[in-house]
Amino acid sequence: MQQNDFLSRVCPVCGSKTLQSPAIHSEVRAESLGFEALVRHWNGFFKEKIFFTYARCGGCGLLYAPVFFNEQQLESLYGQMPPNMSDVPIDALRRTQYGYFTELKAVSELKGGFIEVGPDVGLFTENCVREGRFDQYWLFEPNRDVLPALSQVVSGRQFHVIHDMFGFANVPDSAASVAVMIQVLDHLLDPVSTLAELRRKLAPGAHLLLVTHDEASLLRRITGWRWPAFCLQHPQVYNPKTLQALLEAAGYKVLRQTKTVNYFQADFLLKHLLWAFGIKVRTVPDLGHLTPGLKLGNLLTIATPTVDEK
């Protein structure tokens with residue numbers, strides 16, 4: 001496979017090749033450019049918006065990119081990616097992550113084994129360490145730069161940091177009572193296989209917590225193709241129905257879906273929204289340390305493995 005050969009895809013949930021119209025695309029379509037030309041568009045929010053064209057599956061309704069980066073290209077791109085959301089103040093991130101954690105705490109006893117895919121510096125994990133009684137942590141984080149911070153979060157606990165993002169073979173079958181994937185599922189080329197493999201590591205009655213973007217949200221409808229989640233990192237985006245279809249295909253039952261509250265510093269949020277509406281300002285007024293909590297298009301889902309029929 002050549003470096004400039006993009007991947008042609010069928011629907012990653014149901015396998016259908018049928019597409020509905022109209023498609024959603026940026027002014028310059030990513031598939032019209034070569035790989036090297038797209039590298040400089042990979043990181044950062046505030047730049048020309050370019051992404052692979054999204055189309056809706058005629059089978060299950062998933063909004064996905066029929067043409068996307070291949071695995072070799074993605075490995076190269078993610079290898080030079082900075083820590084997640086590094087432009088957002090840490091206090092705002094902590095408040096957002098704790099909101100996710102309260103949803104988990106409402107349904108889980110917070111004990112047994114814990115898996116998190118993509119914990120970054122451990123802002124969600126630290127809540128589990130502080131308030132939970134987990135006896136073992138498996139943390140799948142490919143970014144080695146965050147290892148010191150992540151290890152400090154689970155210091156004194158039984159833990160494993162695995163740099164293969166999906167090296168689930170490192171976890172015994174049925175060992176975990178909780179698995180967490182925050183803003184990970186939108187990035188996967190084959191989400192059904194990934195979730196099915198993860199399911200084997202979960203005990204009966206375990207809980208899977210997912211946070212994803214919601215392409216059925218009001219913000220997405222208002223901003224159209226400029227919606228921030230339409231980007232080079234996302235081969236597909238979900239709504240409540242398509243996420244439920246994905247989870248059922250992978251062997252899970254959805255227990256709860258809810259919109260999340262996310263916290264952003266006001267000046268960062270203002271600049272982000274202006275860019276989403278096509279107003280490409282470089283600076284905005286200093287709004288101090290005001291950090292509002294808003295429901296801006298993220299979806300939290302809690303699911304459990306289905307019981308195999310014998």
Checklist entry - Hey, does the side chain of T102 reach the backbone of G99 with a donor-acceptor pair shorter than 3.5 angstrom? => result yes

Item to check | Test side-chain contact (heavy atoms from CB on, under 4.5 Å) applied to T306 - qualifying residues, sequence neighbours left out | outcome: R199, K253

Item to check | Shared hydrophobic cluster for L189 and L243 (ILVMFWY, side-chain gaps under 4.5 Å) | outcome: no

Checklist outcome for this item: In short, salt bridge (Lys or Arg N to Asp or Glu O under 4.0 Å) pairs touching residues 166-186 with sequence neighbours left out are D173-K201

Item to check | Taking every non-hydrogen atom, the tightest pair across W225 and I24 | outcome: CB-CG2, 4.0 Å

Checklist entry - Would I115 end up clustered with L147 when hydrophobic side chains under 4.5 Å apart are linked, directly or stepwise? => result no

Next on the checklist: For residues 51-62, which residue pairs pass the side-chain hydrogen bond (donor to acceptor under 3.5 Å, both in side chains) check, not counting sequence neighbours?
Outcome noted: E31-T53, R56-E215

Item to check | Partners passing ring pair (Phe, Tyr, Trp, His ring centres under 6.0 Å) against F168 (at least two apart in sequence or in another chain) | outcome: F140

Checklist entry - Only one of V254, L188, V192 clears side chain to side chain contact (heavy atoms under 4.5 Å, CB included) with L246; which? => result V192

Next on the checklist: Evaluate V129 against Y137 for side-chain contact (heavy atoms from CB on, under 4.5 Å), listing each step before the verdict.
Outcome noted: CA-CA 9 Å; V129 172; Y137 292 80; 3.5 Å; yes

Checklist outcome for this item: For R256, the salt bridge (Lys or Arg N to Asp or Glu O under 4.0 Å) test, sequence neighbours excluded, returns E103

Checklist entry - Which class fits the ring pair F35 and F69: parallel under 30°, tilted 30 to 60°, perpendicular over 60°? => result perpendicular

Checklist entry - Residues two or more places apart in sequence or in another chain: which of them pass salt bridge (Lys or Arg N to Asp or Glu O under 4.0 Å) with R221? => result none

Checklist entry - Between atom CG of L33 and atom CZ of F52, what is the distance when rounded to the nearest 0.5 Å? => result 8.5 Å

